[in-house]
Q: 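I'd like to ask you about the structure that follows.
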Amino acid sequence: GVRASVRPPGDLFSSAERISRAGQEADFGELGISADARAVATWNVFRGGRARSVHAAIKETGDPQFGRPEKLSRRRAGGGHLAVGRCGHALAVWQSLRSFRLEGAYLRREGAFRFDGAVSPRLSRRAAGSPVAAVGPTGRALVAWTRPHPRTAAGRGVFIAKRRGTTRCP
């Protein structure tokens with residue numbers, strides 16, 4: 001499972017807490033933290049060694065532990081990237097293993113993750129890979145990914161999708 005330790009400024013790391021559900025085969029975690037110490041973690045859940053879904057948990061500013069984990073992806077999914085902006089906005093992106101598109105979920109500064117749906121168009125069986133995301137101070141998000149050449153494993157191009165920001169940092 002996925003575990004996390006918290007280290008307040010000037011203090012020691014806490015003992016590790018499990019943030020994925022007990023008994024889940026989970027791995028490939030990513031973690032991001034905002035300027036006000038809101039932390040977000042994402043990870044892949046597997047069944048029988050195969051990627052099944054993407055999950056997340058949030059540790060709100062001042063809370064001693066992460067909150068309850070939630071499933072972000074709606075269908076079979078794996079891989080992915082997490083970006084957390086300095087004001088607490090976050091974007092998780094992953095590859096749908098059904099449609100081979102990149103999908104995402106967006107987290108506003110106040111609130112829970114909301115499934116955003118497809119980030120990339122469906123172009124081919126291996127249409128979108130190696131996603132990288134970034135979130136700015138207003139919540140504006142960018143996602144970049146590569147699309148492999150149909151007959152080779154070499155990259156054919158880099159593509160970018162944008163999401164408008166909604167709020168300003170306090």
Side-chain angles (χ1 to χ4, degrees), residues 1-99 101-119 131-143 161 163-170:
V2 177
R3 296 179 180 273
S5 293
V6 177
R7 182 188 169 273
D11 205 348
L12 300 173
F13 278 99
S14 65
S15 56
E17 69 170 296
R18 178 187 304 276
I19 59 175
S20 60
R21 290 197 170 93
Q24 263 185 348
E25 188 182 343
D27 206 348
F28 300 108
E30 291 204 5
L31 181 68
I33 190 163
S34 68
D36 68 352
R38 183 186 205 197
V40 180
T42 60
W43 61 90
N44 291 325
V45 171
F46 295 82
R47 192 176 312 139
R50 297 180 65 183
R52 300 305 289 179
S53 54
V54 176
H55 292 237
I58 302 166
K59 183 191 155 311
E60 296 293 350
T61 305
D63 286 353
Q65 296 181 319
F66 277 82
R68 186 181 184 106
E70 61 181 300
K71 182 178 174 183
L72 300 183
S73 57
R74 294 194 173 163
R75 297 183 181 99
R76 206 169 140 233
H81 186 76
L82 171 69
V84 177
R86 71 177 174 90
C87 293
H89 306 283
L91 177 67
V93 292
W94 58 86
Q95 186 177 36
S96 164
L97 299 177
R98 267 186 135 179
S99 69
R101 293 178 177 161
L102 286 183
E103 295 179 338
Y106 187 76
L107 175 67
R108 292 183 188 274
R109 192 162 38 95
E110 302 88 14
F113 271 102
R114 190 186 88 223
F115 182 72
D116 265 0
V119 173
V132 178
V135 178
T138 64
R140 181 180 178 142
L142 297 172
V143 178
R163 186 183 201 289
R164 288 197 172 143
T166 55
T167 58
R168 297 233 179 253
C169 283

Q: Should we say atom CZ of Arg18 is surrounded by more than 12 heavy atoms from elsewhere, each under 6.0 Å from it?
A: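 Yes - once you tally the heavy atoms of other residues, nucleotides and ligands closer than 6.0 Å, there are more than 12.
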Q: Locate the shortest heavy-atom distance separating Leu91 from Ala133; write the atom from each residue and the value.
A: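 Smallest heavy-atom distance, with atoms named: CD2-CB, 4.1 Å.
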Q: How long is the gap from CH2 on Trp43 to NE2 on His55, to the nearest 0.5 Å?
A: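 Reported to 0.5 Å precision, the distance equals 8.0 Å.
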Q: To the closest 0.5 Å, what do you measure between OG (Ser96) and CD (Glu103)?
A: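 With rounding to 0.5 Å, OG (Ser96) is 4.5 Å from CD (Glu103).
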Q: Is Arg76 close to Arg47 at the side-chain level, that is, under 4.5 Å between some pair of heavy atoms?
A: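 With C-beta onward as the side chain, the pair stays apart.
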Q: Looking at side-chain heavy atoms only, is the closest gap between Leu107 and Arg38 below 4.5 Å?
A: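 They are in contact (side-chain heavy atoms under 4.5 Å apart), so the answer is yes.
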Q: Within this structure, what is the CD-OG distance for the pair Glu60 and Ser34, rounded to the nearest 0.5 Å?
A: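 Those atoms lie 9.0 Å apart.
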Q: With rounding to the nearest 0.5 angstrom, report the CZ to CZ distance, Arg109 to Arg86.
A: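 It is 10.5 Å, given to the nearest 0.5 Å.
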Q: Determine the minimum heavy-atom distance between Leu72 and Ala92, stating which atoms define it.
A: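 Here Leu72 and Ala92 meet closest at CD1-CB, 3.8 Å.
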Q: Looking only at heavy atoms, which two atoms of Ala26 and Val2 are closest? And how far apart?
A: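 Between these two residues, the closest heavy atoms are CB-CG2, 3.8 Å.
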Q: State the OG1-CD1 distance between Thr42 and Ile58, to the nearest 0.5 angstrom.
A: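 One finds 11.0 Å between OG1 of Thr42 and CD1 of Ile58.
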Q: So do the side chains of His89 and Arg140 get within less than 4.5 Å of each other, counting heavy atoms only?
A: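 Not touching, per the 4.5 Å side-chain cut-off.
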Q: Has the side chain of Ser53 got a donor or acceptor atom that lies under 3.5 Å from a matching backbone atom of Ala77?
A: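 No; judged by distance alone, with no hydrogens or angles, the pair does not exist.
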Q: Of all heavy-atom pairs between Val135 and Ala83, which one has the smallest distance, and what is that distance?
A: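 Looking at all heavy atoms of both residues, the closest pair is CG2-O, 3.7 Å.
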Q: Side chains of Trp94 and His81: does their closest heavy-atom pair fall under 4.5 Å?
A: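 Of all side-chain heavy-atom pairs linking His81 with Trp94, none is under 4.5 Å.
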Q: Are any side-chain N or O atoms of Ser14 and backbone N or O atoms of Val6, one a donor and one an acceptor, separated by less than 3.5 Å?
A: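 Yes; at least one donor-acceptor contact below 3.5 Å.
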Q: Is there side-chain contact between Val84 and Ile33, with at least one heavy-atom pair below 4.5 Å?
A: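 They are not in contact (no side-chain heavy atoms under 4.5 Å apart), so the answer is no.
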Q: Check whether any side-chain heavy atom of Leu31 lies under 4.5 Å from a side-chain heavy atom of Leu82, and answer yes or no.
A: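 Answer no - side chains too far apart.
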Q: Indicate the atoms forming the closest heavy-atom contact of Gly1 with Ser20, along with that distance.
A: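 Heavy atoms only, the tightest pair is CA-OG, 3.4 Å.
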Q: So, for Glu30 and Gly80, which heavy atoms are closest and what is the spacing to 0.1 Å?
A: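 Heavy atoms only, the tightest pair is OE2-O, 3.5 Å.
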Q: Does any N or O in the side chain of Arg75 come within less than 3.5 Å of the main-chain N or O of Leu97, such that one atom is a donor and the other an acceptor?
A: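 No, Arg75 side chain to Leu97 backbone: no donor-acceptor pair under 3.5 Å.
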Q: For the residue pair Phe28 and Phe46, does the interplanar ring angle fall in the parallel (under 30°), tilted (30 to 60°) or perpendicular (over 60°) class?
A: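 Plane angle between 30° and 60°, so tilted.
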Q: For Leu12 and Arg7, what are the C-alpha separation, side-chain angles and deciding distance, and is it a side chain to side chain contact (heavy atoms under 4.5 Å, CB included)?
A: CA-CA 6 Å; Leu12 300 173; Arg7 182 188 169 273; 6.0 Å; no
Q: Would you give the length of the straight line joining atom CZ of Arg3 to atom OG of Ser15, rounded to the nearest 0.5 angstrom?
A: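 Going from the CZ atom of Arg3 to the OG atom of Ser15 covers 9.5 Å.
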Q: Kindly say whether Gly139 contributes a backbone atom to a donor-acceptor pair with the side chain of Tyr106 at under 3.5 angstrom?
A: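 Confirmed, Tyr106 side chain pairs with Gly139 backbone.
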